[in-house]
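Working notes, structure below.
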Amino acid sequence: GENVEQHPSTLSVQEGDSAVIKCTYSDSASNYFPWYKQELGKGPQLIIDIRSNVGEKKDQRIAVTLNKTAKHFSLHITETQPEDSAVYFCAASISGGYQKVTFGTGTKLQVIP
Amino acid sequence: NAGVTQTPKFRVLKTGQSMTLLCAQDMNHEYMYWYRQDPGMGLRLIHYSVGEGTTAKGEVPDGYNVSRLKKQNFLLGLESAAPSQTSVYFCASSWDLGANTGELFFGEGSRLTVL
């Protein structure tokens, strides 16, 4: 089955700096890669996703890149703000209907004011 | 629009007791899921359902049972709780047939402690 590895497990950055979280996956059939943000005491919430036919996607201060050949994808957050502090999960799945999603182990991001 | 609602939010059980977690969604989603979240292990799929009256095993199904008698509800049962089932449980739903998205919508979680 699919295996998703995520690094680092914790990340501290100064407010205004950039943060990068990296994930690798094992199943070449995976074609949908979402990123979820989990705030303290809440459920995960989708913040951005990318499909395998796209190499990069941006949404304001967040961007995701995908390298299908190397089977890795990354989340980039620029101009970090204290409200970006949360746990971030990457995931890999085969899109369409039932979502057989495999999650990474999570990255706890702390943005220091 | 409440989205995905889980009850209860907190529960403490003794080893061997039974309990049921209830998940309700109001988005007319076809698919529903139960995950458990443990430190350093991310989210692991326990059971899932692709429609009313159907259920299937996920990655870590042992010790749990589920039922989906109504499309909007997905129940997770523990027949004889064990300390290893201490965890935070998340319900999720997905797939509005009119939308082309793989997004999972999560509830706020149910924290279960088994003593």
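As the structure is a computational prediction, the values presented were derived from the model and not from experiment. Just so it is clear: chains get the letters A, B, ... in the order the sequence lines come, proteins before strands, and each one is counted from 1.
A heavy-atom distance below 4.5 Å is found between the side chains of A/F89 and B/Q37.
Both A/V54 and A/I47 belong to a common hydrophobic cluster when Ile, Leu, Val, Met, Phe, Trp and Tyr are linked at side-chain heavy-atom distances under 4.5 angstrom. B/Y48 and A/F103 fall within a single hydrophobic cluster, where Ile, Leu, Val, Met, Phe, Trp and Tyr are joined by side-chain heavy atoms under 4.5 Å apart, directly or via other members. Cluster membership for A/V87 and A/I62, using ILVMFWY side-chain heavy atoms within less than 4.5 angstrom, is not shared. Grouping the Ile, Leu, Val, Met, Phe, Trp and Tyr side chains by contacts below 4.5 angstrom, directly or via other members, places A/I77 with A/V64. Put simply, A/V111 and A/L11 are part of the same group of oily side chains (I, L, V, M, F, W, Y) that touch within less than 4.5 Å, one to the next.
For the set A/P34, A/P44, A/G43, the count of heavy-atom pairs under 4.5 angstrom toward chain B peaks at A/P44.
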* For B/Y35 and A/V101, run side chain to side chain contact (heavy atoms under 4.5 Å, CB included): C-alpha distance rounded to whole Å, both residues' side-chain angles, the deciding distance at 0.1 Å, then the answer. => CA-CA 11 Å; B/Y35 288 90; A/V101 182; 4.0 Å; yes
* To do: Given side chain to side chain contact (heavy atoms under 4.5 Å, CB included), test B/L104 with A/L46 step by step and report yes or no.
  => CA-CA 7 Å; B/L104 291 173; A/L46 181 74; over 6 Å; no
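Heavy-atom contacts from other residues, nucleotides or ligands closer than 6.0 Å to CD of A/E56 number more than 12. At most 12 heavy atoms of other shown residues, nucleotides or ligands fall within 6.0 angstrom of atom CD in A/Q45. In this structure, B/K71 places its NZ atom where more than 12 heavy-atom neighbours from other residues, nucleotides or ligands lie under 6.0 Å away. When the shell of 6.0 Å around CD of B/E59 is examined, it contains more than 12 heavy atoms from other residues, nucleotides or ligands. The local environment of CD in A/E83 is crowded, with over 12 non-hydrogen atoms from other residues, nucleotides or ligands closer than 6.0 Å.
Contacts from residues 83-92 of chain B to chain A, taken as heavy-atom pairs separated by less than 4.5 Å, involve B/F90 in sequence order. The contact list for residues 106-115 of chain B toward chain A, using heavy atoms and a distance under 4.5 Å, reads B/F106, B/G107, B/E108 by residue number.
Residue A/Q6: no heavy atom, backbone or side chain, is found under 4.5 Å from chain B.
Heavy atoms only, all atoms of each residue included: B/G40 and A/T105 are closest at O-CG2, 3.5 Å.
Atom CD of B/E103 and atom OH of A/Y36 lie 6.0 Å apart (nearest 0.5 Å).
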